[in-house]
Amino acid sequence: MKSTKQSLLLEGVTLTYPDGAGRLTALDGVGIEVPAGTLTAVVGPSGSGKSSLLAVAATLVTPDRGRVVVDGVETGTLSRSEKAELRRRRLGIVFQQPNLLASLTAVEQLELMAHVDGRRHRVAQVRERARELLDAVGLSGEAGRRPHQLSGGQRQRVGIARALMNDPAVLLVDEPTSALDHERGAAVLALLADLTRKTDTATVLVTHDRAGLAVADRVVGMADGRLGPDPDPDPDPEPGPGPA
Ligand code: ADP
Ligand code: MG
């Protein structure tokens with residue numbers, strides 16, 4: 001099937017926050033292009049600007065300078081409501097904590113997304129899509145469970161499936177593995193890479209944790225609000241001998 005999804009493009013993006021009498025520079029001339037169907041991982045320490053980068057890409061925060069182009073749409077001139085519509089139609093966001101609604105089952109968390117997107121949908125079609133996505137994230141057996149009946153990794157998978165509900169062109173993922181152990185974290189990253197290719201999304205995943213990043217198409221580093229080459233492209237997987 002031919003997809004018409006386009007890339008995510010940031011060009012010369014600078015973002016500052018008020019900081020006492022001055023300004024704190026959270027993003028400093030950031031440029032990146034993420035083609036459809038590929039996953040870029042951005043790795044950097046806490047405070048380096050990763051969440052700010054996603055907030056700008058999500059059009060939730062307006063940069064001081066620079067361009068943000070989402071799926072071919074130049075966002076700089078959009079009104080507030082046009083941005084909200086762009087987010088509903090073209091963007092999927094996976095937060096560090098999936099913030100599921102306690103009273104809803106897994107399949108209902110997904111259905112809710114379709115019912116708030118401002119378009120009319122057939123209930124049966126929405127349910128079918130929700131079931132397909134739960135299947136794609138390995139949760140077809142858990143569709144009727146509520147958040148407290150799911151593990152942390154399963155909740156994160158519901159968050160990923162929910163972000164894909166409206167078939168976004170751009171998928172933004174903030175520290176998806178921070179609450180998971182290494183094995184579950186690696187499984188979530190592999191799943192994201194697989195879904196990125198299958199659904200042809202332009203995916204940006206930010207993390208401070210290098211584990212499992214081999215599945216990414218590209219790894220870039222972030223420090224002090226700037227993007228650069230991967231700081232550690234080929235880490236030694238075997239810890240060397242030495243004092244414990
Ligand atoms: P990361 O996600 O890599 O930890 P952030 O994007 O959250 O980094 O933060 C980058 C810098 O911007 C940090 O110095 C942080 O304290 C600051 N910052 C983030 N959000 C705000 C905000 N809403 N107001 C003021 N400063 C902020
Ligand atoms: Mg962050």
Side-chain angles (χ1 to χ4, degrees), residues 5-36 38-99 159-160 163 168-178 189 192 196 201-210 213 216-233:
K5 292 180 186 176
Q6 296 181 52
S7 67
L8 169 69
L9 173 69
L10 274 65
E11 226 175 64
V13 168
T14 294
L15 173 70
T16 64
Y17 295 113
D19 180 33
R23 312 282 300 177
L24 181 149
T25 301
L27 298 174
D28 189 1
V30 165
I32 191 168
E33 177 156 25
V34 181
T38 69
L39 188 156
T40 293
V42 176
V43 193
S46 175
S48 59
K50 303 183 301 293
S51 293
S52 298
L53 174 73
L54 293 188
V56 166
T59 75
L60 290 165
V61 169
T62 304
D64 302 44
R65 277 194 297 281
R67 289 171 74 202
V68 178
V69 185
V70 174
D71 190 25
V73 177
E74 198 68 65
T75 64
T77 53
L78 298 181
S79 68
R80 212 176 243 280
S81 65
E82 285 168 336
K83 282 184 191 170
E85 183 175 321
L86 175 94
R87 285 195 293 275
R88 287 194 301 264
R89 305 259 168 105
R90 300 185 202 242
L91 282 163
I93 307 178
V94 181
F95 298 99
Q96 194 164 347
Q97 298 293 336
N99 294 319
I160 292 166
V170 171
L171 183 63
L172 304 171
V173 189
D174 199 349
E175 309 254 12
T177 62
S178 59
L189 292 187
L192 280 166
T196 292
T201 55
T203 301
V204 183
L205 180 156
V206 304
T207 181
H208 68 276
D209 177 6
R210 298 199 58 89
L213 291 188
D217 295 286
R218 185 159 61 126
V219 179
V220 298
M222 183 155 216
D224 297 329
R226 293 172 196 242
L227 291 183
D230 182 356
D232 189 11

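Basis for what follows: all heavy atoms, side chains included, without hydrogens, waters or symmetry-related copies.
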With heavy-atom distances below 4.5 Å as the criterion, would you say the side chains of L189 and P176 are in contact? yes
One should read off an interatomic distance between S51 OG and E175 CD, to the nearest 0.5 angstrom, of 6.5 Å
Is there side-chain contact between K5 and T201, with at least one heavy-atom pair below 4.5 Å? yes
Shortest non-hydrogen separation from K83 to T75 and the atoms involved: CE-O, 3.7 Å
Would you call R87 and L60 a side-chain contact if the rule is heavy atoms closer than 4.5 Å? yes
Over all atoms of both residues, closest heavy-atom pair of L171 and A163: CD1-CB, 3.8 Å
Close side-chain approach of Q96 and S178, heavy atoms under 4.5 Å: yes
Within the supplied structure, the quantity of interest is the number of heavy atoms (other residues, nucleotides, ligands) at a distance under 6.0 Å from R23 CZ; does it exceed 12? yes
Measuring from L10:CG to L53:CG, what's the distance to the nearest 0.5 Å? 6.0 Å
Spacing of CG belonging to L15 relative to CG belonging to L24, to within rounding of 0.5 Å: 9.0 Å
What's the spacing between T62 OG1 and R80 CZ if we round to 0.5 Å? 8.0 Å
Under 3.5 Å, is there a donor-acceptor pair between the side chain of D71 and the main chain of Q6? yes
Looking at L205, V206, L8, which hits side-chain contact (heavy atoms from CB on, under 4.5 Å) with L172? L8
By side chain to side chain donor-acceptor pair (under 3.5 Å) - contacts of S7 (at least two apart): E33
Could you tell me if R218 and T38 have a donor-acceptor pair between their side chains, going purely by distance under 3.5 Å? no
Which of these, V173, V220, L39, V42, sits in a side-chain contact (heavy atoms from CB on, under 4.5 Å) with V204? V42
Less than 4.5 Å apart, side chain to side chain, heavy atoms only: is that true for L27 and T14? no
With the side chain counted from C-beta on, respond yes when M222 and V30 share a heavy-atom pair under 4.5 Å apart, and no when they do not. yes
D64 CG: over 12 foreign heavy atoms closer than 6.0 Å: yes
Please report the shortest heavy-atom distance between S52 and A26, naming the atom on each side. OG-CB, 3.8 Å
Can you confirm whether D232 sits close enough to V43 that some side-chain heavy atom of one is under 4.5 Å from a side-chain heavy atom of the other? no
Do R89 and V70 have side chains that approach each other closer than 4.5 Å (heavy atoms only, starting at C-beta)? no
Please find the pair of heavy atoms, one from L91 and one from A58, that lie closest to each other, and give the distance. CD1-O, 3.6 Å
Any idea which heavy atoms bring P45 and K50 closest together, and the distance? O-NZ, 2.9 Å
Smallest heavy-atom separation, L78 atom then E82 atom, equals CA-OE1, 3.3 Å
